[in-house]
Amino acid sequence: AQSVTQLGSHVSVSEGALVLLRCNYSSSVPPYLFWYVQYPNQGLQLLLKYTSAATLVKGINDFEAEFKKSETSFHLTKPSAHMSDAAEYFCAVSEEVGGFKTIFGAGTRLFVKA
Amino acid sequence: SQTIHQWPATLVQPVGSPLSLECTVEGTSNPNLYWYRQAAGRGLQLLFYSVGIGQISSEVPQNLSASRPQDRQFILSSKKLLLSDSGFYLCAWRVLGQQNSPLHFGNGTRLTVT
């Protein structure tokens, strides 16, 4: 079975600083990888997804993620944090079996300091 | 465009009472449908998924059940709630059979069992 590990349940950065949220996956086949963001008391919204067309994936709000097969990683970055980026971020992998189940990491809460 | 509706937004129920949460999707046909639960400070746990009317797959043994009486309607139920059923319940859909199709989430129901 596939799995996702997010390193760090909490990450704190200053406004304007680089954001780096780590995600490692385990998969015996080429994975379908996603990053989602969740604001308080809301559902999850898609930030970006890995399509295998390019290893560097660009998403909304200047977020991007790089797929590294050798490291089984799909880390999320943003060059300059904004206060509005404070939220919880989830890395996820989809299994191409059954109902295309999506397995989520435990999430990383991002705090942005003024 | 596609939309997903989930209600109610919040619910407080006593232990032993029944539960019914409803989710409907508009603007698409034959979606895969999912129920997730998010406990405080934890990731998302897949509870049920459905690939068609009347087809329900359960991921974990629990006090809950799901039904799909219509193509775009997904219902989460319980006959007798437990304290441990408290949490944030999220309904989601994705396009049937499309690789890399992301999940689209409703805004969730926060259930408190007292």
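Letters A, B, ... are given to chains in the order of the sequence lines, protein chains preceding strands, and every chain is numbered from 1. Note that this is a predicted model, so its numbers are computed, not measured.
- Under a hydrophobic-cluster definition in which Ile, Leu, Val, Met, Phe, Trp and Tyr are linked whenever side-chain heavy atoms come within less than 4.5 Å, directly or via other members, B:Ile75 and B:Phe88 are assigned to different clusters.
- Interatomic distance, CG of B:Leu103 versus CZ of A:Phe104, reported as 5.0 Å (0.5 Å rounding).
- For A:Leu44, the parts lying near chain B are the backbone and the side chain together; criterion is any non-hydrogen pair under 4.5 Å.
- When the side chains of ILVMFWY residues are joined at heavy-atom separations under 4.5 Å, either directly or via intervening members, B:Leu21 and B:Val15 end up in a single hydrophobic cluster.
- Between B:His104 atom NE2 and A:Leu46 atom CG the span is 7.5 Å, to the nearest 0.5 Å.
- Rounded to the nearest 0.5 angstrom, A:Tyr36 OH and B:Leu44 CG are separated by 10.0 Å.
- Residues B:Leu19 and B:Trp7 are members of separate hydrophobic clusters, defined by side-chain heavy-atom contacts under 4.5 angstrom among Ile, Leu, Val, Met, Phe, Trp and Tyr.
- Counted within 6.0 Å of CG on A:Leu20, heavy atoms from surrounding residues, nucleotides or ligands total more than 12; the atom is thus considered enclosed.
- Contact annotation for B:Gln38: only side-chain heavy atoms (C-beta onward) come within less than 4.5 Å of a heavy atom of chain A.
- Scanning all heavy atoms of the two residues, the minimum distance from B:Leu90 to A:Gln42 falls at CD2-O, 4.5 Å.
- Heavy-atom distances place the side chain of A:Gln38, and not its backbone, under 4.5 Å from chain B.
- Side-chain heavy atoms closer than 4.5 Å link hydrophobic residues (I, L, V, M, F, W, Y) into clusters, and following such links, even through other members, never connects A:Leu56 to A:Val19.
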(message) side chain to side chain contact (heavy atoms under 4.5 Å, CB included) for B:Ser101 and A:Lys49? Distances and angles first, verdict last.
(response) CA-CA 9 Å; B:Ser101 171; A:Lys49 65 180 182 181; over 6 Å; no
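- Both A:Leu21 and A:Met83 are members of a single hydrophobic cluster when ILVMFWY side chains are connected at heavy-atom separations under 4.5 Å.
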